[in-house]
Enquirer: 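Got a structure here, written out as structure tokens. Questions coming.
FYI, the numbering just counts along the sequence from 1. No hydrogens, no waters, no symmetry mates; every other heavy atom, side chains included, goes into these values. Nothing here was measured: the structure is a model prediction, and the numbers come from that model.
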Amino acid sequence: MTKIKKSELKSHLQQSVQLLRETLDYTSYSYFILAMLFFYHVSETPDLYSGRLNLPRILASSPALVSFQRKKRGLREELSSDFSMLETHIPYLKDVLLPAILAAPIDDSDLLEYRAQLDQLQQRTGIFSSPHNFSVAYDYWITQLAKLTVKQGSSFYTPRSVIQLMVRMTKPTTGMSIYDPTVGSGGMFTECAHYINQQGGNLNTVEFYGCETANDIWAICKMNMLAHGLDQADIKHLDVLNNPPDFRGKFDLVLQNLPLSTDTSHKGQMQRNNNAFLSHSIEVLSLEGRGAILMSSSVLQEDHWNLWQQVVSRDWLETVISLPAKLLHGTTASANILVLNKKKLDDRVGKVLFIQASNEALPNTRHNELEDSTILDIIQAFEGWKNIPDFACVVSNKKLEEHDYKLSVDKYLRLEEDDPTFDVISALKRYRSAVQDREVAVDKLMKSLETLDYSVKLDESNDTDV
């Protein structure tokens, strides 16, 4: 397998953006570039898609797929024809490719230059002919374009290290149904697939469901699913708040990056949206389901008393994790992950683990990632489920009730320092040990007294009346 450096992939992408940004805005060039990369891959591997999707052999035999690569004039019309042909024969791509070219006012000279860039990349790396290499590169290109743009950054881009953390804590496995109500470009799903493959699971038995409102991001997600072989992923072009699907109790696992609104003038509406998203994610979990929801710390500062009271009283809240600031796109606030579990392990019943991982200082850049060591520390604390000074503490649901269901990690770590948990079992062991030690000491004392000489001589010279 040919190894391709990320620097080369990034350099190609920067050249593409440099070429197109004078003609296209950031929305259009991100969408157009990703559509072109995917199209080039399909044109290099038609047999793969014909066989995998059980499609007519027309994909492998049609001259339409290679015509764009040969023509020097009329490229835009030819590209539209090719995209239309692919959408016709791959139902999964319906309304996915054509909008990218229809919305892009790009002329033939720019298309010719861009095609030359794609040809050169293919000649140097062969990346479009390798399904594995392309799927990895496509994820990388999506991430880099998200970093270059500002459009809907919170839903388009989730730090990959945070996704890895969420997936490793929730442990997706064979036979699961997995849901992301704000799926974005599908990073949660591709990481789940990677994790399941690493564990030797069978992806064909896993059901993926996602919803996305933005047309271009929905289309990018669909292409990303196909690039990763997740043909079974059901990606809805849907707003779950205004048109909630009937998914009550359906899913084994929910993963979500709660959308971060950039409109701070309507805080009341933002809070209502957050509450609706959280309620939806909890409601769709099956009776044994679990989930992880990423959000800004500001969400925990909002008044969601009724929601948290219901979640805690049902013992569905498992862990609250505080992550560093400057991690989420669009805010300098710290991030939080809420881990939900409707069927906790016996030793976790009636308790919530709070983990403080927000003290790590991140660079003052627009996009940051968690260090591997931080991820490992959080995973070990989550799996160990015990108090760790200045890092983790186990809190009873009763204590959460006493503090009005506030979910601030700092609050409970401070309470732990001021009022440490009294370990009754350890205290009893110390008491019993002390009793045994006392009995041994008394026995030794009595034996020593038995050997003493009690005869006393009176000193008559100092004999006085009492």
Side-chain angles (χ1 to χ4, degrees), residues 155 158 162-163 165-184 186-189 191-193 195-196 201 205-212 232-236 238-259 272-295 299-300 304-321 336-355 382-383 385 397 400 405 407:
S155 60
T158 303
V162 178
I163 295 177
L165 172 62
M166 295 167 70
V167 169
R168 288 176 63 181
M169 285 192 300
T170 53
K171 294 181 171 57
T173 188
T174 295
M176 270 192 167
S177 56
I178 303 174
Y179 176 54
D180 184 346
T182 51
V183 70
M188 298 287 187
F189 290 168
E191 187 58 36
C192 281
Y195 180 88
I196 292 170
T205 67
V206 181
E207 297 177 340
F208 294 96
Y209 294 84
C211 298
E212 176 56 48
Q232 76 275 32
D234 187 359
I235 310 299
K236 304 287 189 185
L238 186 68
D239 183 344
V240 298
L241 295 189
N242 294 322
N243 188 20
D246 184 15
F247 286 156
R248 182 184 295 272
K250 178 179 178 63
F251 300 107
D252 302 308
L253 176 60
V254 172
L255 298 169
Q256 181 187 18
N257 178 0
L258 202 66
R272 287 190 291 273
N273 287 347
N274 290 336
N275 198 79
F277 270 123
L278 290 165
S279 298
H280 174 72
S281 294
I282 294 165
E283 181 182 79
V284 300
L285 280 175
S286 67
L287 294 177
E288 297 183 2
R290 54 186 182 266
I293 303 176
L294 175 67
M295 65 192 72
V299 177
L300 294 187
H304 298 291
W305 186 92
N306 288 334
L307 178 63
W308 301 142
Q309 189 272 337
Q310 293 177 39
V311 172
V312 173
S313 65
R314 289 173 169 82
D315 203 20
W316 291 344
L317 182 61
E318 187 168 35
T319 304
V320 182
I321 303 168
N336 286 89
I337 297 175
L338 263 59
V339 181
L340 306 168
N341 195 336
K342 289 193 175 181
K343 191 176 182 181
K344 295 181 183 177
L345 296 173
D346 289 344
D347 62 347
R348 301 185 179 190
V349 171
K351 306 169 189 173
V352 177
L353 177 68
F354 288 81
I355 299 176
F382 177 71
E383 294 179 347
W385 197 264
N397 289 350
L400 293 181
Y405 302 102
L407 300 182

Enquirer: Do any N or O atoms from the side chain of N341 and from the backbone of R290 form a donor-acceptor pair under 3.5 angstrom?
Expert: no
Enquirer: Quick check: are there more than 12 heavy atoms from other residues, nucleotides or ligands sitting under 6.0 Å from CG of L287?
Expert: no
Enquirer: Check whether any side-chain heavy atom of R168 sits under 4.5 Å from a side-chain heavy atom of F382, and report yes or no.
Expert: no
Enquirer: With Y405 as reference, evaluate V312, N397, N306 under the side-chain contact (heavy atoms from CB on, under 4.5 Å) test and give the passing residue.
Expert: V312
Enquirer: Hey, what do you get for CG (L241) to SG (C211), rounding to the nearest 0.5 Å?
Expert: 10.5 Å
Enquirer: Please list every donor-acceptor pair under 3.5 Å in which a side-chain atom of residues 242-250 meets a protein atom from a residue at least two apart or in another chain.
Expert:
unit_1 : atom_1 : unit_2 : atom_2 : d
N242   : ND2    : D239   : OD2    : 2.8
R248   : NH1    : E283   : OE2    : 3.3
R248   : NH2    : E283   : OE2    : 2.9

Enquirer: Quick one: closest heavy-atom pair of I163 and E191, and the distance?
Expert: CG2-CB, 3.5 Å
Enquirer: How far apart are the closest heavy atoms of C192 and V167, and which atoms are they?
Expert: SG-CG2, 4.0 Å
Enquirer: What's the separation between atom CZ in R272 and atom OG in S279, rounded to the nearest 0.5 Å?
Expert: 13.5 Å
Enquirer: Would a 4.5 Å heavy-atom cut-off, applied to side chains only, mark V352 and L407 as touching?
Expert: no
Enquirer: With the side chain counted from C-beta on, respond yes when M188 and I178 share a heavy-atom pair under 4.5 Å apart, and no when they do not.
Expert: no
Enquirer: Output the distance between atom CZ (F354) and atom CG (L400), rounded to the nearest 0.5 Å.
Expert: 5.0 Å
Enquirer: Would you say that V162 contacts N257 through its side chain, given a criterion of any heavy-atom pair below 4.5 Å between the two side chains?
Expert: no
Enquirer: Check the surroundings of atom NZ in K236: do more than 12 heavy atoms from other residues, nucleotides or ligands lie under 6.0 Å from it?
Expert: no
Enquirer: Could you walk me through whether T158 and M166 pass side-chain contact (heavy atoms from CB on, under 4.5 Å), step by step?
Expert: CA-CA 11 Å; T158 303; M166 295 167 70; 5.5 Å; no
Enquirer: Can you name the nearest heavy-atom pair linking N275 to H304, along with the distance?
Expert: OD1-ND1, 2.9 Å
Enquirer: How long is the straight-line distance from CZ of F251 back to CZ of F208, given to the nearest 0.5 Å?
Expert: 12.0 Å
Enquirer: What's the shortest heavy-atom distance between A292 and T170, and which atoms?
Expert: CB-CG2, 3.9 Å
Enquirer: Within a strict 4.5 Å, meaning less than it, do heavy atoms of the L317 and L338 side chains meet?
Expert: yes
Enquirer: If we only count heavy atoms from C-beta on, is the D180 to T182 side-chain gap below 4.5 Å?
Expert: yes
Enquirer: Are K344 and K351 packed together at the side-chain level, in the sense that at least one heavy-atom pair is separated by less than 4.5 angstrom?
Expert: no
Enquirer: Are the side chain of N336 and the backbone of M295 linked by a donor-acceptor contact shorter than 3.5 Å?
Expert: no
Enquirer: For I293 and S281, which heavy atoms make the closest approach, and how far apart are they?
Expert: CD1-CB, 3.8 Å
Enquirer: Going by the rule ring-ring contact (aromatic ring centres under 6.0 Å, His included), which residues pair with W385 if we only count those two or more places apart in sequence or in a different chain?
Expert: none
Enquirer: Is there a side-chain contact between L253 and L255 in this structure, where contact means two heavy atoms from C-beta onward sitting under 4.5 Å apart?
Expert: yes
Enquirer: Y179 and side-chain hydrogen bond (donor to acceptor under 3.5 Å, both in side chains): which partner among E207, H280, Q256?
Expert: H280
Enquirer: Does S177 use its side chain to pair, donor to acceptor, with the backbone of D252 at less than 3.5 Å?
Expert: yes
Enquirer: How long is the span from the NZ atom in K343 to the CG atom in L285, to the nearest 0.5 Å?
Expert: 14.5 Å
Enquirer: Would one find more than 12 heavy atoms of other residues, nucleotides or ligands at under 6.0 Å from atom NZ of K171?
Expert: yes
Enquirer: Which residues pass the ring-ring contact (aromatic ring centres under 6.0 Å, His included) test with F277, not counting sequence neighbours?
Expert: none
Enquirer: When rounded to the nearest 0.5 angstrom, what distance separates CG in L307 from CG in L278?
Expert: 6.0 Å
Enquirer: Of the non-hydrogen atoms in V254 and P181, which two are nearest, and what is the gap between them?
Expert: CG1-CD, 4.2 Å
Enquirer: Could you walk me through whether L300 and W308 satisfy the side-chain contact (heavy atoms from CB on, under 4.5 Å) test, starting with their C-alpha distance in whole Å, then the side-chain angles of each, then the deciding distance to 0.1 Å, before giving a yes or no?
Expert: CA-CA 10 Å; L300 294 187; W308 301 142; 4.1 Å; yes
